[in-house]
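Report on one structure; see the data block that follows.
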Amino acid sequence: MVKKGDMLYAWTSDADLAAKAECGGAVTSLLKYALEKKMVDAVFAVKKGQDIYDAVPTLITDPAELNDTAGSLHCGTLLLSKLVKKYLDGANNLKIAMPVKGCDMMGLYELAKRQQVNLDNIIMIGVNCGGTVSPVTARTMIKEKFEVDPDVVTKEEIDKGQFIIEYEGGHKGISIDELEDEGFGRRSNCRRCKVKVPRQADLACGNWGVIGDKAGKATFIEVCSEKGAKLLDEATKAGVIKTEPANPKGIEIRKKVEGAMFKLGDKWRRKDFTDLSPALWDTIQKETSRCIKCYSCIENCPVCFPVKDELTGKSLMVESGEIPPNPMFHMRRFAHISDSCINCGQCEELCPMDIPLAKFSHAIRVEGDNVFEPKLGESAYKN
Ligand code: FAD
Ligand code: SF4
Ligand code: SF4
Ligand code: SF4
């Protein structure tokens, strides 16, 4: 019987899926099982579009189509949470299962706090996350650093601290540290992120800690909720998933890797925030003077819901008129999200003027965490 707190190695019994999947296919098998057994009406996952730089969010109701979503897309910088609110009615009338990175998970909790999504109707299969690389950066990096045409690359992976690409006739790997020292590599918010194992999801799955003959062929699963335990237990009993207890040495290694990632996150926070601290507000004012007021940073933020003035009915944050907007436009937005920014990076990633918005909001949130509860990465909601 699987219980909350268990740590297991898991892999699929479907050979076709195992060949497509990232580390043994347990995640896709669990999503498929939940759909087949009608525990959910649909699976909301991510699949490869035109190429490896194109991660497409996909709603699937036919279990036969699920194998197309297997695999990890490290250029998939998308955030699934706000899409649940925007396009799936906040899962109010639809039960869904979905893979979630740490930021997807935190976004769902923030939206639930604001009654924008119904967590009772969502099964969260967490995936550990070392970080994602913006598609534009990935293309430039592959061209300039790997000296390979980005259009011929068929697969990418992040393994043992390297970004590795495969293309017809070869493969190449370069250390992430080296890439990041030269301005490539993971998005800047991902470098600072410290939610590496999403333990507020129902299950937390990843390759860290899988050692011995299962390395690369199984996923480490930490069972984080009763809901997750039930799903894994039933899928194992039905024979779609195979499991064995995690190797104790593997558990130690996983802890060490997570600890090393925290230290790296702290290093980037120190660097990014120290660069900012001498003149935070001046820097914000200078950088945001490029703003064309497209509102993308508001539209795509999981915690940003413009508040209306009770007396006038006008938005307190978004006023029409001049471009660039008065700096107060940004100051109000930062104040509005100061205690809830989850550092998902969507505002920065999707800003057409390349304004480092997440760096600002993350710096403000971390400062606020000295005083506010709950801290970033935690939630008052418990699974
Ligand atoms: P699969 O059966 O292949 O299923 C993978 C699932 O991930 C699918 O449902 C797919 O839709 C979903 N997915 C793919 N790309 C994205 C995306 N960009 N955003 C959201 N969902 C996505 N594990 C670690 O231990 N350390 C890491 O540093 C690490 N980094 C990761 C970074 C990313 C961006 C992702 C997506 C995963 C990462 N993982 C990491 C988890 C690991 O790669 C595997 O996903 C996990 O071990 C499950 O393997 P699997 O074969 O069971 O998954
Ligand atoms: Fe992964 Fe964190 Fe970046 Fe989200 S913000 S993609 S969880 S590293
Ligand atoms: Fe301005 Fe960028 Fe926000 Fe658009 S996304 S409103 S350009 S700061
Ligand atoms: Fe994500 Fe930016 Fe909103 Fe923070 S402000 S939650 S980084 S979109």
Side-chain angles (χ1 to χ4, degrees), residues 10-12 17-18 20-32 43-48 55-58 60 66-80 82 97-101 103-104 106-107 110 125-133 157-159 186 189-190 196-197 204-210 217-221 241 254 257-258 261 287-288 290-304 318 323-325 329-330 333-334 336-337 340-355 357-362 364-365:
W11 60 99
T12 181
L17 171 58
K20 282 187 184 163
E22 192 71 16
C23 314
V27 167
T28 307
S29 256
L30 287 165
L31 295 169
K32 201 171 185 176
V43 167
F44 188 42
V46 181
K47 72 175 182 188
K48 191 169 107 177
V56 183
T58 315
I60 291 181
L66 261 172
N67 285 14
D68 295 342
T69 64
S72 299
L73 294 167
H74 296 95
C75 299
T77 53
L78 73 183
L79 185 81
L80 293 172
K82 198 148 184 186
M98 54 193 284
V100 291
K101 306 179 293 296
C103 50
D104 296 318
M106 286 187 284
E110 289 297 333
I125 313 280
V127 287
N128 296 358
C129 185
T132 49
V133 182
E157 63 174 321
I158 296 182
D159 192 26
R186 299 167 301 157
N189 64 302
C190 292
K196 297 294 162 190
V197 179
C205 308
N207 54 318
W208 289 333
V210 184
K217 299 188 192 114
T219 288
F220 191 116
I221 300 190
I241 293 256
R254 183 167 178 272
V257 179
E258 192 183 5
M261 293 303 291
E287 291 278 357
T288 56
R290 300 198 292 280
C291 174
I292 55 167
K293 226 168 158 193
C294 68
Y295 303 145
S296 168
C297 53
I298 294 171
E299 269 294 301
N300 295 291
C301 172
V303 301
C304 207
V318 186
I323 288 179
F329 167 72
H330 295 283
R333 188 177 151 268
F334 289 133
H336 175 62
I337 54 174
S340 55
C341 168
I342 56 162
N343 183 39
C344 67
Q346 295 304 302
C347 49
E348 187 165 323
E349 177 78 3
L350 299 170
C351 173
M353 300 311 289
D354 278 340
I355 301 171
L357 295 163
K359 183 157 129 174
F360 300 145
S361 52
H362 190 204
I364 296 166
R365 170 76 202 260

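Just so you know, ligand 1 is whichever comes first in the structure, and atom 1 is the first atom listed for that ligand. Predicted model only: the values in this text are computed from it and were never measured.
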Flag the pair [X] / [Y] as yes when at least one side-chain heavy-atom distance between them is below 4.5 Å, and no otherwise.
X	Y	result
Leu30	Ile221	yes
Cys291	Met353	no
Glu299	Leu350	no
Glu348	Asn189	no

Among all protein heavy atoms in this structure, tell me which lies nearest to [atom], with the distance rounded to 0.1 Å.
atom	result
atom 1 (Fe) of ligand 4	Cys344 SG, 2.4 Å
atom 4 (Fe) of ligand 4	Cys341 SG, 2.4 Å
atom 8 (S) of ligand 3	His330 CE1, 3.5 Å
atom 3 (Fe) of ligand 4	Cys301 SG, 2.3 Å

> Listing by chain and number, what protein N/O/S atoms are under 2.8 Å from atom 2 (Fe) of ligand 3?
Replying inline: Cys351 SG
> Quick one: which ligand 3 atoms are inside 4.0 Å of a heavy atom on Tyr295?
Replying inline: 4 (Fe), 6 (S)
Where the side chain of [X] meets the backbone of [Y], is there a donor-acceptor pair that is under 3.5 Å apart?
X	Y	value
Arg186	Gly130	yes
Lys101	Leu78	yes
Thr77	Thr132	no
Gln346	Asn300	no

Do you know which two heavy atoms are closest between [X] and [Y], and how far apart they sit?
X	Y	answer
Arg290	Ile355	NH2-CA, 3.5 Å
Ile241	Ala26	CD1-O, 3.5 Å
Thr219	Gly206	CG2-N, 3.4 Å
Lys196	Trp208	CB-CZ3, 3.9 Å
Pro302	Leu79	CG-CD2, 3.6 Å
Ile125	Leu31	CG1-CD2, 3.7 Å

Using a 4.0 Å cutoff against the non-hydrogen atoms of [X], which atoms of ligand 4 qualify?
X	result
Asn343	4 (Fe), 7 (S)
Ile342	4 (Fe), 6 (S)
Arg333	5 (S)

> Using heavy atoms and a threshold below 4.0 Å, how should the contact between Glu110 and ligand 4 be classified: side chain, backbone, both, or neither?
Replying inline: neither
> Considering only heavy atoms, does Ile337 approach ligand 4 within less than 4.0 Å through its side chain, its backbone, both, or neither?
Replying inline: side chain
>> For Cys304, state whether at least one heavy atom is located under 4.0 Å from any atom of ligand 4.
In response: no
> Could you give the distance from NE2 (His74) to CD (Glu22), rounded to the nearest 0.5 Å?
Replying inline: 5.5 Å
> If you count only heavy atoms, which residues are under 4.0 Å from ligand 1?
Replying inline: Ala21, Glu22, Cys23, Gly24, Gly25, Ala26, Val27, Thr28, Leu31, Ala45, Val46, Thr69, Ala70, Gly71, Ser72, Leu73, His74, Gly76, Pro99, Lys101, Asp104, Val127, Asn128, Cys129, Gly130, Thr132, Gly206, Asn207, Trp208, Thr219
